[in-house]
Amino acid sequence: MPRQAVGETVRVAIHAPAPLVRAGLAGFVALDPRLHELPRDRIGEADAIVVAVDVADASALDLLRRLCDKPGARFLVVVGKKWRADLSAAQKRGVRAVVWWDFCSPDVFARSVRAVAGSEETPLPSPLAPERVEHHVVASRGRAEPRLNAREVDVLRLIAEGKQCDEIAIELSYSERTVRYILYGAMKRLRTRNRAHAVSHAIRAGLI
């Protein structure tokens, strides 16, 4: 699917099981003259496919495949409650941005859709990274959470990608002992029990 040129109308398809949620998203599209909603039977022509789910998990990724298995399909996932899907699997399925429903304002939605339509062909480092406007937008929940330093963010992101401490040490040019120290600091700052808990908490809070 070709990249959307700046200034062109973005064709948007929406899938949301809850009628009120769907109506809200359709209303956001109608508010922006640069967006145009396509009917369900033309979903394969969309520049950005918006899918609303309560919980983003493996079954939600299967839903994306059923909705549109066309190579190059780009999805914006609007999440109501929790993110539980594997990050790399979400990227491969075409997820290019995630917005929490509680913070899905018309402006955030429109910017996210346009970013998804214009994003690069290469997968994003993480669909749950803090908000960026260059090629993708992810709105965090905005809750008061401890802030991680840059080294902690780097380590937790690599752990989220499935890397072990020795692999992270090589990639970041740290000693393995330093990586473990950074990880321990992040776990303590987030008040989590183990590395899996720390990564899960950081993702849900929009810290990585």
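All heavy atoms count here, side chains included; hydrogens, waters and symmetry mates do not.
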Nearest 0.5 Å please: distance from the [atom1] atom of [X] over to the [atom2] atom of [Y].
X    : Y    : atom1 : atom2 : answer
R195 : Q164 : CZ    : CD    : 6.0 Å
L64  : I49  : CG    : CD1   : 8.5 Å
L76  : R74  : CG    : CZ    : 12.5 Å
I168 : E161 : CD1   : CD    : 9.0 Å
I170 : S175 : CD1   : OG    : 12.0 Å
R93  : L63  : CZ    : CG    : 10.5 Å

With a 4.5 Å heavy-atom cut-off, do [X] and [Y] have their side chains touching?
X    : Y    : value
R114 : L35  : yes
V113 : D32  : no
V108 : R111 : yes
R34  : T9   : no
R189 : L148 : yes
V50  : V78  : yes
E37  : P39  : no
R40  : H15  : yes

Nearest non-hydrogen partners of [X] and [Y], listed with the distance:
X    : Y    : answer
E45  : L38  : C-CD1, 3.8 Å
A52  : A16  : CB-CB, 3.8 Å
A13  : I43  : CB-CG1, 3.6 Å
L25  : W101 : CD2-CZ3, 3.5 Å
M187 : A198 : CG-CB, 3.8 Å

Is the shortest side-chain N to carboxylate O distance from [X] to [Y] below 4.0 Å?
X    : Y    : value
R66  : D62  : no
E176 : K163 : no
D86  : K92  : no

- request: Scan side-chain atoms only and decide if S105 and D107 contain a donor-acceptor pair under the 3.5 Å cut-off.
  value: no
message: Does L158 form a side-chain contact (heavy atoms from CB on, under 4.5 Å) with E171? I'd like the steps, not just the answer.
response: CA-CA 9 Å; L158 290 172; E171 183 160 340; 3.4 Å; yes
- request: Examine distances only and state if a side-chain atom of D47 and a backbone atom of A117 form a donor-acceptor pair shorter than 3.5 Å.
  value: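 No: the side chain of D47 does not pair with the backbone of A117.
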message: Using modelled atom types and a 3.5 Å cut-off, is there a donor and acceptor pairing between side-chain atoms of K70 and backbone atoms of G44?
response: yes
message: Tell me whether R180 forms a cation-pi arrangement with Y174, defined as NZ or CZ under 6.0 Å from the six-membered ring centre and within 45 degrees of its axis.
response: no
- prompt: Quick one: which of V155, L190, L156 gives a side chain to side chain contact (heavy atoms under 4.5 Å, CB included) with V199?
  reply: L156
